[in-house]
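Please read the structure below before turning to the comments.
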Amino acid sequence: MPEGHTIHALAARLERAFSGRVVAASSPQGRFAADAARLDGHELHGARAHGKHLFVDIGPATLHVHLGLIGSFPVRPAPGGVVPAPLPTVRLRLETDAHYADLRGPMTCTLVDAEREREIVGTLGPDPLRKRQRPERARQRISKSRKGIGELLMDQSVVAGVGNVYRCEVLHRQAVDPLTAGRDLSPDAWTALWDDLVLLMPLGAAFSQILTMPDQVEAARRLRRSGRARAVTESLTGERLGDHFERRFLVYKRTGLACPRCAATVQDRTVAGRTLYWCPACQVRR
DNA sequence: TATATATGGATAA
DNA sequence: TATCCCTATATAA
């Protein structure tokens with residue numbers, strides 16, 4: 001389930017559970033055993049996300065994780081130090097007497113130095129979930145491209161952290177035709193897309209759920225502003241606690257159903273190797 | 001039991 | 001564009 005919001009929420013959860021603490025590290029699955037041994041028994045200093053990349057400082061090393069399409073890294077409480085035996089697929093388990101976190105199915109899990117981290121971050125476009133970003137840099141890239149905006153939004157060197165759901169949904173929210181060539185997209189349309197991502201993605205991180213339906217976005221914003229939002233956490237068994245919303249989208253996975261704005265039929269088509277969903281009637285060149 | 005699919009991305013061709 | 005990697009889950013057979 002990982003788009004950028006998932007990774008930013010994960011970094012925050014890792015910090016809350018482990019920052020300033022000595023962690024035990026192991027690799028039940030075995031493929032990360034030698035590196036896990038280097039982390040084992042060291043203090044975790046911090047964690048940060050850049051787009052879909054996660055970096056965790058443990059002792060003298062930095063752990064670099066990319067969850068890919070199917071990875072997960074749940075952080076759970078371990079009251080009294082009681083933790084379940086890891087599934088055999090767990091690449092890396094981090095553990096204290098209060099929490100444990102199991103990394104499964106990552107696309108990338110390696111130790112990196114500061115130089116390599118800078119290299120990786122250097123390949124990424126602006127990230128709507130980070131402060132002091134320069135969306136203008138993305139607009140420059142987009143304005144020179146003949147590729148469609150639906151394809152460009154999936155390019156992490158253009159914008160970092162957007163995945164297939166946010167791409168489909170933000171294009172629908174801003175009524176932009178995904179097939180519009182980057183060079184034909186107006187600066188105003190790009191600004192609207194960026195600003196919407198800056199609104200939506202932090203809500204996704206806060207509620208551990210992609211929220212794009214206008215009523216849900218409004219409700220989530222009110223909850224946050226009121227300060228009464230209950231953070232989403234997982235129990236020992238993985239049960240989801242805290243505020244969450246019914247799973248609903250504007251166009252994502254809604255092929256053949258009515259567009260919620262104009263009632264035309266939602267279409268799909270493969271763009272950038274993934275299934276793009278959009279309304280061919282009300283999403284237009286802007 | 002087998003197959004398809006998934007909120008990703010690298011690499012081969 | 002096709003293939004591969006990584007894992008879990010839903011659906012088909």
Side-chain angles (χ1 to χ4, degrees), chain A residues 1-11 27-33 35 49-54 63-74 84 86-93 101-110 112 116 119-125 127-129 147-148 150-173 178 196-197 200-213 216 232 234 237-238 240 244-255 268-278:
Chain A
M1 339 174 329
E3 294 191 27
H5 69 296
T6 303
I7 313 307
H8 282 259
L10 173 54
S27 179
Q29 177 232 39
R31 281 179 53 177
F32 195 61
D35 287 326
H50 288 261
K52 299 172 189 169
H53 295 261
L54 172 70
L63 172 70
H64 172 221
V65 169
H66 193 301
L67 294 180
L69 183 58
I70 61 179
S72 65
F73 202 176
L87 294 176
T89 54
V90 171
R91 183 82 60 88
L92 170 66
R93 167 170 281 190
D102 283 346
L103 173 63
R104 294 183 341 226
M107 186 176 75
T108 304
C109 172
T110 56
V112 295
R116 177 64 187 137
E119 250 176 57
I120 294 163
V121 172
T123 65
L124 301 173
D127 177 347
L129 279 157
K147 291 181 183 167
E151 183 170 351
L152 291 165
L153 280 177
M154 293 293 275
D155 182 339
Q156 301 298 297
S157 70
V158 174
V159 200
V162 173
N164 199 25
V165 180
Y166 278 119
R167 130 172 113 166
C168 297
E169 295 288 288
V170 79
L171 286 167
H172 183 274
R173 281 171 59 93
D196 207 20
L197 290 168
L200 295 174
M201 295 184 77
L203 289 180
F207 292 92
S208 290
Q209 181 180 8
I210 296 178
L211 299 171
T212 59
M213 300 296 289
Q216 295 184 324
V232 175
E234 281 187 20
T237 55
R240 215 177 142 81
H244 52 95
F245 294 81
E246 184 192 352
R247 182 184 157 87
R248 284 193 274 131
F249 296 115
L250 293 159
V251 286
Y252 178 72
K253 285 242 171 150
R254 289 181 45 86
T255 306
D268 71 59
R269 136 178 199 178
T270 300
V271 172
R274 320 299 306 273
T275 309
L276 168 79
Y277 303 85
W278 88 108

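- Rounding to the nearest 0.5 angstrom, the gap separating the CD atom in A:E151 from the CG atom in A:L276 is 10.5 Å.
- Secondary-structure annotation of DNA chain B gives the stems B:1-6 with C:7-12, B:8-12 with C:1-5, with a stem taken as at least 3 successive Watson-Crick or G-U pairs whose two distances both fall under 3.5 Å.
- As a whole-Å value, the separation of A:N164 CG from B:dT5 P is 14 Å.
- Straight-line distance between the P atoms of C:dA13 and B:dT5: roughly 12 Å, to the nearest whole Å.
- When distances are taken from the side chain of A:I70 to each of B:dT7, B:dA6, B:dG9, the shortest belongs to B:dA6.
- Smallest separation of non-hydrogen atoms from A:A49 and A:A11: N-CB, 4.1 Å.
- Rounded to whole Å, the distance from CG on A:L129 to C1' on B:dT7 is 14 Å.
- Here A:L87 lies in heavy-atom contact (under 4.0 Å) with sugar-phosphate atoms only.
- For the C1' atoms, the distance linking C:dA8 with B:dA10 amounts to 22 Å, nearest Å.
- Looking at heavy-atom distances under 4.0 Å, A:E169 makes no contact with the nucleic acid at all.
- The interatomic distance linking A:L200 (CG) with B:dT7 (P) rounds to 18 Å, in whole Å.
- C:dT3 and B:dA4: their P atoms are spaced 14 Å apart (whole Å).
- The phosphate of B:dT7 has neither OP1 nor OP2 within less than 4.0 Å of any side-chain N or O from A:Y166.
- When heavy atoms are screened at a 4.0 angstrom cut-off, A:I210 is found touching base atoms of the nucleic acid.
- A:R91 is linked by a salt bridge (charged side-chain N to carboxylate O under 4.0 Å, His left out) to nothing, counting only residues two or more places apart in sequence or in another chain.
- In this structure, CG of A:L153 is placed 15 Å from C1' of B:dG8, rounded to the nearest angstrom.
- The side chain of A:Q156 places an N or O atom within less than 4.0 Å of a non-bridging phosphate oxygen (OP1 or OP2) of B:dG9.
- Between the CE atom of A:M154 and the P atom of B:dT7 there is a distance of 8 Å, given to the nearest Å.
- Close to B:dT7, at under 4.0 Å from its OP1 or OP2, lies no side-chain N or O of A:K253.
- Dashed line: the shortest gap from a side-chain N or O of A:H66 to OP1 or OP2 of B:dG9 is under 4.0 Å.
- For B:dT5, the base has no donor-acceptor partner in the side chain of A:R274 [N/O atoms by modelled type, under 3.5 angstrom].
- A:M107 places its CE atom 12 Å from the C1' atom of B:dT11, with the value rounded to the nearest Å.
- Listed by chain and residue number, A:H64, A:H66 satisfy the ring pair (Phe, Tyr, Trp, His ring centres under 6.0 Å) test with A:H53 (two or more places apart in sequence, or in another chain).
- Distance check, rounded to the nearest 0.5 Å: OG1 of A:T212 to CG of A:L200 gives 7.0 Å.
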Listed pairs under 3.5 Å, donor-acceptor, residues 268-275 of chain A side chains, sequence neighbours left out:
{"residue": "A:D268", "atom": "OD2", "partner": "A:T255", "partner atom": "OG1", "Å": "2.7"}

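- Applying the ring pair (Phe, Tyr, Trp, His ring centres under 6.0 Å) rule to A:Y252 yields the partners A:F249, A:Y277; only residues at least two apart in sequence or on another chain are considered.
- Summarising the geometry of A:S72 relative to A:L67, their closest heavy-atom pair is N-CD2, 3.8 Å, with the distance given to 0.1 Å.
- Whole-Å rounding puts the A:H53 NE2 to B:dA10 P distance at 7 Å.
- Distance check: A:R104 CZ to A:Q29 CD gives 11.5 Å after rounding to the nearest 0.5 Å.
- In this entry the distance linking CZ of A:R167 with P of B:dG9 reads 11 Å, nearest Å.
- Residue contacts for A:R31: at a heavy-atom cut-off of 4.0 Å it reaches the sugar-phosphate backbone alone, with no base atom in range.
- Contact footprint of chain A on DNA chain C: nucleotides with an atom under 4.0 Å from a non-hydrogen protein atom, first to last in 5' to 3' order, C:dC6 to C:dA8.
- The shortest non-hydrogen separation linking A:L63 to A:C109 is CD1-SG, 4.0 Å.
- Here A:L197 contributes atom CG and A:H5 contributes atom NE2; the two are 12.5 Å apart, rounded to the nearest 0.5 Å.
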